[in-house]
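From a predicted model like this one, the values you see are computed outputs, not experimental measurements.
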Amino acid sequence: MSRDHSNEDGHDHVHSHEEHGHSGDEHNHAHPEDAPDELKSRTRALQSLLLEKGLISTEAVDEVLRLFEEEVGPMNGARVVARAWSDPDFEGRLLDDANEALSEFDFAIGKQHLEVVENTPTVHNTVVCTLCSCYPWSILGLPPTWYKSPQYRSRIVREPRAVLSEFGLELNPEIEVRTWDSSSEVRYMVLPQRPPGTEGLNEEKLASLVTRNAMIGVERLGGNP
């Protein structure tokens, strides 16, 4: 079940971190550039074992990587954001029923249920999966390493402004921060605010401005408000 977490802005908590087995000493945030060596080692070991047993092939691994890097990636999400910025009717449909709205595109998101949450001048949204690393791969591509780290998963719900600050995003105190907890049932994507000065751009140009991090909510396009 997905949950809107409380945070330092005073929203209601609906469950404790202890429910998900988080320890209280997970306070060191991994920067986006950092890649946990343990996670890398475990992934390589698992891949080697599967290859050794003949359960997968290197060609299959390469094809999956190519698919997510070249054909899926965050560009699907960026196209959706650009369409929403350009077409208020589509934006309304997207916020009301993302799955139905995305049927207008030439890609599929599978059986996952997607919710799109909108940033406004007074509200900033972030996305996490506190339980594991649920993530809308088909629309945002491969999840960044930091998204799967225990540090990000535990801290973004407890001290979102501090974590966002470490990503370089300093929010004015009057902006409300909402953190959305993804699950196997519901995945979330942030609809960023359209940057100022982009009124004359077409959808393709607008899509080129959209970043994966903005759609997770750790970046605000157009600079800090």
Side-chain angles (χ1 to χ4, degrees), residues 2-13 15-43 73-74 77-78 81 116-137 139-183 187-196 209-225:
S2 299
R3 303 167 174 87
D4 180 2
H5 279 278
S6 73
N7 52 45
E8 60 195 14
D9 299 290
H11 298 287
D12 293 330
H13 257 119
H15 72 266
S16 68
H17 296 289
E18 286 71 19
E19 290 178 76
H20 289 169
H22 292 299
S23 65
D25 58 356
E26 295 170 343
H27 285 280
N28 294 322
H29 173 63
H31 289 273
E33 297 79 8
D34 296 336
D37 291 337
E38 180 184 0
L39 185 59
K40 282 184 176 180
S41 297
R42 291 168 62 186
T43 302
V81 171
V116 176
V117 289
E118 181 183 28
N119 281 351
T120 71
T122 57
V123 174
H124 182 85
N125 297 283
T126 65
V127 176
V128 68
C129 175
T130 57
L131 186 61
C132 48
S133 56
C134 295
Y135 184 83
W137 287 40
I139 195 166
L140 297 187
L142 295 172
T145 303
W146 53 261
Y147 182 85
K148 298 176 282 187
S149 70
Q151 292 83 8
Y152 175 79
R153 288 156 44 200
S154 62
R155 291 187 62 220
I156 192 67
V157 296
R158 293 176 176 168
E159 45 180 358
R161 290 182 188 275
V163 174
L164 293 177
S165 177
E166 292 167 20
F167 278 94
L169 176 54
E170 302 286 351
L171 294 173
N172 290 333
E174 60 267 25
I175 295 179
E176 178 185 338
V177 181
R178 297 175 180 172
T179 301
W180 299 87
D181 193 355
S182 298
S183 71
R187 312 288 168 89
Y188 292 94
M189 185 189 90
V190 174
L191 175 59
Q193 278 189 276
R194 182 169 179 164
L209 304 176
V210 182
T211 66
R212 177 200 61 196
N213 283 5
M215 293 183 283
I216 300 175
V218 296
E219 180 183 357
R220 200 149 168 123
L221 301 176
N224 293 331

Would you give the length of the straight line joining atom CH2 of Trp146 to atom CD1 of Ile156, rounded to the nearest 0.5 angstrom?
-> 8.0 Å
Residues Val127, Tyr147; criterion side-chain contact (heavy atoms from CB on, under 4.5 Å); working and verdict = CA-CA 9 Å; Val127 176; Tyr147 182 85; 3.8 Å; yes
Quick one: are Leu171 and Arg161 in side-chain contact, heavy atoms under 4.5 Å?
-> yes
Please report the closest heavy-atom contact between Pro121 and Arg220, naming both atoms and the distance.
-> CA-NH2, 4.0 Å
Parallel, tilted or perpendicular: ring planes of Trp180 versus Tyr188, cut at 30 and 60 degrees = tilted
Measuring from Glu166:CD to Arg155:CZ, what's the distance to the nearest 0.5 Å?
-> 4.5 Å
If you look at every heavy atom in Val210 and Ala78, which pair is closest and at what distance?
-> CB-CB, 3.7 Å
Test His124 against every option in Leu169, Asn172, Val190 by the side-chain contact (heavy atoms from CB on, under 4.5 Å) rule and name the one that passes.
-> Leu169
Distance col, row Glu170:CD vs Ser165:OG, nearest 0.5 angstrom, shows 3.5 Å
Using the test side-chain contact (heavy atoms from CB on, under 4.5 Å), find all partners of Thr120 that sit at least two apart in sequence or belong to another chain.
-> Glu118, Thr122, Val123
With sequence neighbours excluded, tell me which residues meet side-chain hydrogen bond (donor to acceptor under 3.5 Å, both in side chains) with Thr211.
-> Glu219
Smallest separation among heavy atoms of Tyr152 and Ile216, with atom names | OH-CG2, 4.0 Å
Is a side-chain donor or acceptor of Arg153 paired with a backbone partner of Val128 at a separation under 3.5 angstrom?
-> no
Would you mind reporting whether Leu131 and Ser183 have side-chain heavy atoms less than 4.5 Å apart?
-> no
Exercise: identify the closest heavy-atom pair between Ser154 and Gln151 = OG-O, 3.3 Å
Rounding to 0.5 Å, atoms CZ (Arg212) and OH (Tyr135) come to a distance of 5.5 Å
Which atom of Asp181 lies closest to which atom of Cys129, heavy atoms considered = OD1-CA, 3.4 Å
Side chains of Ile139 and Met189 in contact at under 4.5 Å (non-hydrogen atoms) = yes
Measure the CG-CG distance between Leu191 and Asn119 for me, rounded to the nearest 0.5 Å.
-> 7.5 Å
Pairwise distance CG(Leu221) to CE(Met215) - rounded to 0.5 angstrom = 9.0 Å
Only one of Thr130, Val163, Thr126 passes side-chain contact (heavy atoms from CB on, under 4.5 Å) with Val157; say which it is.
-> Thr130
Nearest heavy atoms of Leu140 and Gly77, plus distance in Å = CD2-CA, 4.5 Å
